[in-house]
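Below: the structure, in structure tokens.
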Amino acid sequence: MRLIETLVEGIQSLYGETISAKTIQVQSTRKDFQGDLTIVTFPLLRQSKKSPEQTGEELGSYLLENIEVISGFNIVKGFLNISFSNAYWIGRFNEAVADLNYGFSKPNTGSTVMVEYSSPNTNKPLHLGHVRNNLLGYSVAEILKANGHKVVKVQVINDRGIHICKSMLAYKKWGKGEEPTSELKGDKLVGNYYVKFEKNSKAEIQALVDSGVEEKVAKTQGALIQEAQEMLLKWEAKDPEVYALWEKMNGWCYDGFDVTYKNMGVDFDKLYYESITYLEGKIRVEEGIEKGVFFRKEDGSVWCDLASEGLDEKLVLRADGTSVYMTQDIGTAIFRYNDYPDLNGLVYTVGNEQDYHFRVLFLILKKLGFSWAESCYHLSYGMVGLPKGMGKMKSREGTAVDADDLMEEMARTAKSISEELGKLGGMSIKDKTDLYNVIGMGALKYFMLKVDPKKSMVFNPEESVDFSGNTGPFIQYTHARICSILSNVDKKIGAIDLMIALEPCEKMLIKLLDDYPRIIKEAGEKYSPAMVANYAYDLVKGYNHFYQTVPILKVDDENVLNFRIVLSRKVKVVIASAMQLLGVKMPERM
RNA sequence: GGGCGCGUAGCUCAGCUGGAUAGAGCACCUCCCUUCUAAGGAGGCGGUCCUAGGUUCGAAUCCUAGCGCGCUCACCA
């Protein structure tokens, strides 16, 4: 429609001044004013040398004459509100309806992007923090796909290190050959021994402190901690017994994680294991020394000097030659770009406590000469906290909110509310159980994703996860409601008559639908599922208002009836489409 | 102490590429189911947008300083 260009021309012809398109500010008109788009004329007064009102009047008239679809305008101080004809909006709507992949770019037309998320340690089960991580990573991957990118979903499994040895040692000492059962998943079993280790080790250290040893020293002198360290050395030397135990216990964890991932509805294309990539990291560090990127201190430890970037020195290899976190991350990144030569972006979904780590990692990769380091991005998200008075989550002490328990709890709540409302007559037990899971997970996912990723959030297991208001179930409910209405009609409807009158609530819905492609694009650029979630909420609210304001099926005018049916169908599709980007399923009944 | 991030209604959060009277949900109070799903809708109550300066015709939004909270600065991951 060339609104901006026409305005530039208008200013040229009215005032003889040339301005750049950037100085024109357009925004959608606030709902308490009449109009569709608003042009802020304050910045244009310099050119017009007239009052805001008069400038608005002149520009408005110019637009009215030169753009056919503009049907009118009004001026409030420095705001020129312009309206488009109903025919224009209905035309836009018809186009949207005809587009079966509305809002999405063509698949695989963009660059290839890798998204890393989850990346657990194999010494404890997934908890609330992982839930946010998983949901974010999965959703961002879906949003990138919707923007045409090829997406590779990966994780790097932290399957080695001192923390893994802790649970192994505890199991070896006190496990008595315990095995996972249907009651106790493998990851839970391993986690129990990790907690057991920490508990006993803590007591040992306390005893040392009580006997007069300085705390810092005591922490390195406990018998258990020393034994764990010996075990790590044995592991690195591939001691057969330690290695076998490691493989067995890691296997238990993977089996446990698989169940959690399945229930959560997330998946991965490829897994990387720290136990493999850390070796690559070591090799790359050696190379880096030769290149002069790193330097070795007298004690043998290897460092990267980041003073020129305003940072400190960073350790990349210990004095005893063993690797640190940074070492394996260097190796992992290089593996990834080797595995996918067309990779043009690597998104790390990792909590904001590691902001500094990733800043350094990307710098080091760049120093090592990998130009792709520029395309790495740390999707940093805030912590999930518990309400005041509920303490802190510490998996070390076994006080974290467990992911499996949480999901089960959500489904249970969904069940009790559903039963209370009693709308599911005639539905089979299995369908009901599935539905409770869909609703429970919908509530959980939406709750976690509607918040801006970078912000930390509070999770109150009892109060926060409501099923009414701005929640997943509210959106699911509206979807089910539309399905219910539409189940009464069965007819093919072509393009909508451009001449029908539009109710305000209908026009509002068309405008909301019109926003969808832009929302997907922006959500992709900002890696923000929250934008999609908030959009879906606005759309659903708009539909409910429409539903309560006008009859949908009980209308005489065939053209209006058709329009309301098609409008309902399109809203339904877009709701489901948006929520699919969040990994939330939409029920047809609830 | 240095670095990074955050601070909006009692609570949980939108809004932040500067624009009109700062928005939702929960909670609390009124109304609306013999009509297409009331997990809904309409309305009410509720604000020093942390504070103080600055830039601007205009600041919740940008800049500076301060305060508060979180994270981080490990031969932990």
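Proteins get letters first, then strands, A, B, ... in listed order; numbering begins at 1 in each. Excluded from the calculations below are hydrogen atoms, water molecules and symmetry mates; all remaining heavy atoms, backbone and side chain alike, are included. Worth saying up front: this structure is predicted, and the values here are computed from it rather than measured.
Distance noted for atom C1' between C16(B) and U72(B): 26 Å (whole Å). Of the C1' atoms belonging to C29(B) and A52(B), the separation is 39 Å, rounded to the nearest Å. Distance noted for atom C1' between G1(B) and U12(B): 34 Å (whole Å). Remark: the separation of the C1' atoms in G44(B) and U56(B) is 38 Å, to the nearest Å. When the P atom is compared between C49(B) and G40(B), the two are found 31 Å apart, to the nearest whole Å. Straight-line distance between the C1' atoms of G58(B) and A20(B): roughly 11 Å, to the nearest whole Å. When the C1' atom is compared between U61(B) and U8(B), the two are found 11 Å apart, to the nearest whole Å. Spacing of C1' atoms, G46(B) relative to G23(B), comes out at 13 Å, to the nearest Å.
The side chain of Lys455(A) contributes an N or O atom lying less than 4.0 Å from OP1 or OP2 of G7(B). Taking only side-chain nitrogens and oxygens, His357(A) never comes nearer than 4.0 Å to OP1 or OP2 of A77(B). At A77(B), none of the side-chain N or O atoms of Arg160(A) fall inside 4.0 Å of OP1 or OP2 (strictly under the cut-off). OP1 and OP2 of G5(B) both lie 4.0 Å or more from every side-chain N or O belonging to Tyr381(A). Note on Arg318(A): a side-chain N or O is less than 4.0 Å away from OP1 or OP2 of A77(B).
Residue order along RNA chain B, read from the 5' end via each residue's closest nucleotide, puts Lys450(A) first among Asn352(A) and Lys450(A). Both Cys483(A) and Arg359(A) lie near RNA chain B, and the one whose nearest nucleotide falls closer to the 5' end is Arg359(A).
The side chain of Lys541(A) approaches G41(B) more closely than any other nucleotide in the set U37(B), G41(B), C26(B). Looking at the side chain of Gln354(A), the nearest of the listed nucleotides A77(B), A14(B), G23(B) is A77(B). Of the candidates G5(B), G19(B), C76(B), the closest approach to any side-chain atom of Gln25(A) belongs to G19(B). Comparing G40(B), C4(B), A77(B) by their nearest atom to the side chain of Tyr325(A) picks out A77(B).
We find that OH of Tyr273(A) is positioned 20 Å from P of A77(B), with the value rounded to whole Å. Separating the NE2 atom of His479(A) from the C1' atom of G40(B) is a distance of 17 Å, rounded to the nearest angstrom. As a whole-Å value, the separation of Tyr535(A) OH from C13(B) P is 25 Å. Atom-to-atom, CZ of Phe362(A) to C1' of C4(B) comes out at 15 Å; the value is rounded to the nearest Å. Atom C1' of nucleotide G58(B) and atom CZ of Arg46(A) are separated by 14 Å, given to the nearest angstrom. Atoms CG (Asp452(A)) and P (G7(B)) sit 9 Å apart, rounded to a whole Å. The interatomic distance linking Ile475(A) (CD1) with G25(B) (C1') rounds to 12 Å, in whole Å. His127(A) has its NE2 atom 12 Å from the C1' atom of A77(B), to the nearest Å.
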Audit row: Phe197(A), Leu169(A), side chain to side chain contact (heavy atoms under 4.5 Å, CB included) steps and yes/no: CA-CA 8 Å; Phe197(A) 176 96; Leu169(A) 182 64; 3.9 Å; yes

CA sep, side-chain torsions, deciding dist, call: Thr29(A), Thr38(A), side-chain hydrogen bond (donor to acceptor under 3.5 Å, both in side chains): CA-CA 5 Å; Thr29(A) 303; Thr38(A) 295; 2.7 Å; yes

Audit row: Arg412(A), Glu419(A), salt bridge (Lys or Arg N to Asp or Glu O under 4.0 Å) steps and yes/no: CA-CA 11 Å; Arg412(A) 237 200 317 274; Glu419(A) 282 174 348; over 6 Å; no

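The two residues Val438(A) and Lys585(A) have their closest heavy-atom pair at CG1-O, 3.5 Å. The two residues Leu128(A) and Leu406(A) have their closest heavy-atom pair at CD1-CD2, 3.6 Å.
The pair Arg518(A)-Asp515(A) meets the salt-bridge criterion, with a side-chain N (NZ, NE, NH1 or NH2) lying under 4.0 Å from an Asp/Glu carboxylate O. Between Arg359(A) and Glu309(A), no side-chain nitrogen of the basic residue sits less than 4.0 Å from a carboxylate oxygen of the acidic one, so the salt-bridge criterion is not met.
Residue-level contact check: Phe79(A) touches the bases, meaning some heavy atom is under 4.0 Å from a base atom. Using a 4.0 Å heavy-atom cutoff across all strands shown, Gln476(A) reaches no nucleic acid atom at all. Among the protein residues, Pro52(A) comes within range of no part of the nucleic acid, since none of its heavy atoms lies under 4.0 Å from any strand. Counting non-hydrogen atoms under 4.0 angstrom, Ser484(A) reaches a base of the nucleic acid.
We find that the ring of Tyr547(A) and the base of G40(B) do not stack by the test of centres under 5.5 angstrom and planes tilted less than 30°. Residue side chain Phe42(A) meets the stacking definition with respect to G19(B): its ring centre sits within less than 5.5 angstrom of the base's six-membered ring centre, and the planes differ by less than 30 degrees.
In the interface, the side chain of Asn81(A) is paired with the base of A20(B) through a donor and an acceptor atom under 3.5 Å apart.
Here the two rings, on Tyr477(A) and Phe474(A), have centers that are 6.0 Å apart or farther.
With a glycosidic angle more than 90° from 0, C29(B) adopts the anti conformation.
For the segment residues 302-316 of chain A, the set of residues with a heavy atom within less than 4.0 Å of an atom of RNA chain B comprises Trp303(A), Asp312(A), Leu315(A), in numerical order. If you check residues 550-563 of chain A against RNA chain B, the residues with a heavy atom closer than 4.0 Å are Val550(A), Pro551(A), Ile552(A), Leu553(A), Lys554(A), listed by number.
Geometrically, Arg160(A) engages Tyr278(A) in a cation-pi contact, judged by NZ or CZ lying under 6.0 Å from the ring centre and within 45° of the ring axis. By the 6.0 Å and 45° rule, Arg481(A) stacks over the aromatic ring of Tyr547(A). Geometrically, Lys297(A) engages Trp303(A) in a cation-pi contact defined by less than 6.0 Å to the ring centre and at most 45° from the axis.
The list of salt bridge (charged side-chain N to carboxylate O under 4.0 Å, His left out) pairs with a residue in residues 34-46 of chain A, not counting sequence neighbours, reads Asp36(A)-Lys507(A), Asp36(A)-Lys511(A).
With Val571(A) as the partner, the side chain to side chain contact (heavy atoms under 4.5 Å, CB included) test is satisfied by one option alone out of Val540(A), Leu509(A), Thr478(A): Leu509(A).
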